[in-house]
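Heads up, the thing below is written out as structure tokens.
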Amino acid sequence: MDSTMLIQENLSIEQKLRILTDAAKYDVACTSSGVDRKGRADGMGSATDIGICHSFAADGRCISLLKILLTNQCIYDCKYCVNRCSNDAVRTAFTPDEVCTLTMEFYRRNYIEGLFLSSGIRYSADHTMELIYETLLKLRTTCRFNGYIHVKGIPGADQELIARVGYLADRMSVNLELPTAQGLRDLAPGKTRDKILRPMRQIQRGIAAQSLYLEGDRGFKKAYDTGRAGFAGGAALLDPSRAGGVCAKESPSERAQNPGVGDGAGGADSMGSGPDAGSGVLREANAEYSVKTPRQPAQPAPFRSSGSAASPSAGAFDGLASRDRRSFPPVFEEEKHLGIPEGRYGSRRFVPAGQSTQMIVGATPENDFQMLTVTQALYRSYGLKRVFFSAYVPVNLDSSLPALPGGPPLLREHRLYQADWLLRFYGFSAEELLSEGQPNFNVFLDPKCDWALRHLEQFPVEVNRADYASLLRVPGMGVKSARRIVAARRQGKLDFPDLKGMGVVLKRAVYFITCSGKMMPGVRLDQDYITSCLVGDERRAAWDIEHKDCYRQLSLFDDMKLELPVCEEERRSAAVGHL
């Protein structure tokens, strides 16, 4: 089947909804509910399984989103994708009016609070992005929908279309798909690293420039302390000079030293593996953006408001005089020329909820260290809010795809999410957690416990004197509990019962801390002893992740050897009641 596949136009909107929500379920930027439950007289609320997923707002609220594809038609033949053009599947597409109708009717019924809109590539990237823009513009203007919208940026689409959508959406994401350029060549021959990185760079620059223009408006952007532990991507947003040359000039010699994007040279394919891994390939994407764009980017226009309070002062623009204004993408033309409705500041905010991306785990042979290094490079150089990981699910038969006799690599996906959390909130780096000598995560221990056991020279930590960064590195202590400890110890000495009341997971932390110079009685700082104590709980959690659909009756003598099948003797004993 080629790119001229026929679209089924005679389907009802409900039939289209079932097809296009099912096709969208493999995008893990948010989680589908999968529940169909009607309301009851003795309760409140209901649930539906047609495309409803959940996400978390900036204030921590869990919100429901309508998760759909605009179309499942695609010109690409990505071997891992259920919507590849060679698959024999029913193809259909929503019109912009149909998406608006669905969104507004679902919202009126209190099913959703926002929209998650992705799409296959219909005819071309520009054609698809134009349809997405038309949909969002009707939602924001004709329907006056002010809810949350997360939309996918289409690699290869025109820069102006990306800009127009950025002013209408709350969050945008461009899926990296696979961590290396070689993986893209093997499994997604229609996509290149350059096509993917260009819109990511454009979105990142737009957010960074707007943050600079409105840095004096506390209602627009909170001034984060980029130096503290727990803030990975924001440094690239609020100080763009730290983002691999977002606003800074690159000399010709620096450009010559950087390998090309996706050309197979040096670190371009893997984004490197050292402390500065990924910086070369990401900088080169920025350099090519400025050099090879055929159209000269427009000068960035100030974000003027009708009121003087929200308008940046002249000094705010003077600070940009020494920067290379030509490096900004053409997203700051006056909105009236783009047809963008005015927002709270006279000009709409550009992608106010930031951008994210997704990588597939297990479809290509990269190890955990390579994937985590790419993740770290994206946070540092592109200012991403989140990198999502999706365990590879075999939906197509192809000799290029791996055989997974044990099913999708769910435990590996889980470990990557744990490590991602350590990068974003705990001040860890990829090189601390993994290395070329140890390229994969421990199956039986979470990344934080594994790191602590390999660095026992830094423990035990005295909770009454240790600084905040040191407390964050103790297994069993999170951001909230560490802050509570720092605040509470000003009032007096803390002991183990006090820590438990502050949310510290003592069954992990007790091996790595002291209170008033004393460890918990019976605990010793020995690697083998601590490992044996921690592995039991982790083995249970790991088994639950990999066998989430398997159940068995536990016996009184079960030794957590859950990977062993139930033998015939155990069945007979259970049947006659002799345990």
Side-chain angles (χ1 to χ4, degrees), residues 31 55-62 222 224-235 372 375-376 379 385-389 411 413-430 432-434 441-442 444-456 458-491 493-515 519-520 523 530 533-538 540-542 544-545:
T31 307
S55 184
F56 288 90
D59 57 2
R61 293 181 302 114
C62 181
K222 179 181 178 182
Y224 290 96
D225 178 8
T226 57
R228 69 175 173 85
F231 192 73
L372 199 62
T375 301
Q376 178 175 267
Y379 282 134
K385 280 293 188 73
R386 187 78 186 272
V387 174
F388 291 91
F389 303 98
L411 180 59
E413 176 195 272
H414 180 63
R415 291 285 183 251
L416 285 168
Y417 272 122
Q418 289 177 319
D420 171 78
W421 213 260
L422 296 180
L423 294 182
R424 292 190 296 129
F425 295 103
Y426 290 80
F428 282 86
S429 66
E432 289 180 289
L433 299 173
L434 294 173
F441 288 113
N442 193 320
F444 300 109
L445 292 172
D446 70 76
K448 194 176 183 183
C449 287
D450 185 58
W451 174 87
L453 286 170
R454 289 186 284 111
H455 296 82
L456 284 180
Q458 300 188 25
F459 300 99
V461 170
E462 172 54 52
V463 295
N464 288 295
R465 294 194 303 269
D467 58 18
Y468 175 69
S470 298
L471 292 174
L472 279 179
R473 297 195 165 223
V474 175
M477 285 192 187
V479 174
K480 289 184 178 180
S481 57
R483 289 177 178 173
R484 289 167 182 165
I485 290 172
V486 172
R489 67 189 183 187
R490 298 171 185 169
Q491 311 300 324
K493 296 287 186 180
L494 300 179
D495 206 348
F496 291 102
D498 302 321
L499 299 180
K500 187 175 182 180
M502 295 177 186
V504 176
V505 183
L506 279 181
K507 65 180 180 181
R508 294 183 184 178
V510 71
Y511 306 105
F512 305 98
I513 60 174
T514 59
C515 292
M519 296 189 72
M520 177 78 80
V523 174
I530 298 174
C533 294
L534 292 175
V535 161
D537 290 332
E538 284 298 322
R540 180 190 293 272
D544 289 340
I545 292 169

ask   = With a 4.5 Å heavy-atom cut-off, do V387 and L423 have their side chains touching?
value = no

request  = Could you walk me through whether V461 and M477 pass side-chain contact (heavy atoms from CB on, under 4.5 Å), step by step?
outcome  = CA-CA 12 Å; V461 170; M477 285 192 187; over 6 Å; no

query = Within the side chain of Q418, is there an N or O that forms a donor-acceptor pair under 3.5 Å with the backbone of D446?
reply = no

ask   = Ion pair present between R386 and D420, side-chain N to carboxylate O less than 4.0 angstrom?
value = yes

inquiry  = What's the separation between atom CG in D495 and atom NZ in K500, rounded to the nearest 0.5 Å?
reply    = 13.0 Å

task = Look up atom SG in C533 and atom NZ in K507, then write down how far apart they are to the nearest 0.5 Å.
result = 12.5 Å

message = Taking salt bridge (charged side-chain N to carboxylate O under 4.0 Å, His left out) as the definition, give me every residue that meets it alongside R489, ordered by chain and number, with sequence neighbours left out.
response = none

N464 side, atom CG; T514 side, atom OG1 - distance, nearest 0.5 Å = 8.0 Å

query = Looking at side-chain heavy atoms only, is the closest gap between F389 and T375 below 4.5 Å?
reply = yes

key: Contact summary for V510 and V523, nearest pair of heavy atoms   = O-CG1, 3.9 Å

request  = Evaluate the side-chain proximity of E462 to I513: yes if any heavy-atom separation is below 4.5 Å, no if none is.
outcome  = no

task = If the plane angle is over 60° it's perpendicular, under 30° parallel, otherwise tilted; pick one for W421 and F425.
result = tilted

query = Would you say the side-chain atoms of R415 pair up with the backbone N or O of N442, donor to acceptor, closer than 3.5 Å?
reply = yes

inquiry  = Measuring only between side-chain heavy atoms, which start at C-beta, is F459 closer than 4.5 Å to M519?
reply    = no

query = Quick one: does L411's side chain get under 4.5 Å of F441's, heavy atoms only?
reply = no

inquiry  = Main chain of L472, side chain of K448: is a donor-acceptor contact present, judged purely on distance under 3.5 Å?
reply    = yes

query = With side chains defined as the heavy atoms from C-beta onward, is the minimum distance between F512 and Q458 less than 4.5 Å?
reply = no

Nearest atoms (heavy-atom pairs only) where G478 meets S481 = N-OG, 2.8 Å

ask   = Are any non-hydrogen side-chain atoms of V474 and V463 less than 4.5 angstrom apart?
value = no

task = For the pair L534 and Y511, evaluate side-chain contact (heavy atoms from CB on, under 4.5 Å) and give the outcome as yes or no after the intermediate values.
result = CA-CA 10 Å; L534 292 175; Y511 306 105; 3.9 Å; yes

request  = Search all heavy atoms of A509 against all heavy atoms of V504 and return the closest pair with its distance.
outcome  = CB-CG1, 3.7 Å

ask   = With sequence neighbours excluded, what pairs up with R484 under the salt bridge (charged side-chain N to carboxylate O under 4.0 Å, His left out) test?
value = none

inquiry  = Show the nearest heavy-atom pair for residues R473 and E432, with the distance to one decimal.
reply    = NH1-OE2, 2.7 Å

Atom pair CZ (R490) and CD1 (I485), whose distance is rounded to the nearest 0.5 Å = 13.0 Å

query = If you measure from CZ on R508 to CG on L506, what distance do you get to the nearest 0.5 Å?
reply = 12.0 Å

key: Heavy-atom neighbours of R465 CZ exceed 12 at 6.0 Å   = no

inquiry  = When you compare the side chain of R483 with that of Y468, does any pair of heavy atoms fall below 4.5 Å?
reply    = yes

inquiry  = Show the nearest heavy-atom pair for residues R454 and L433, with the distance to one decimal.
reply    = NH2-O, 2.9 Å

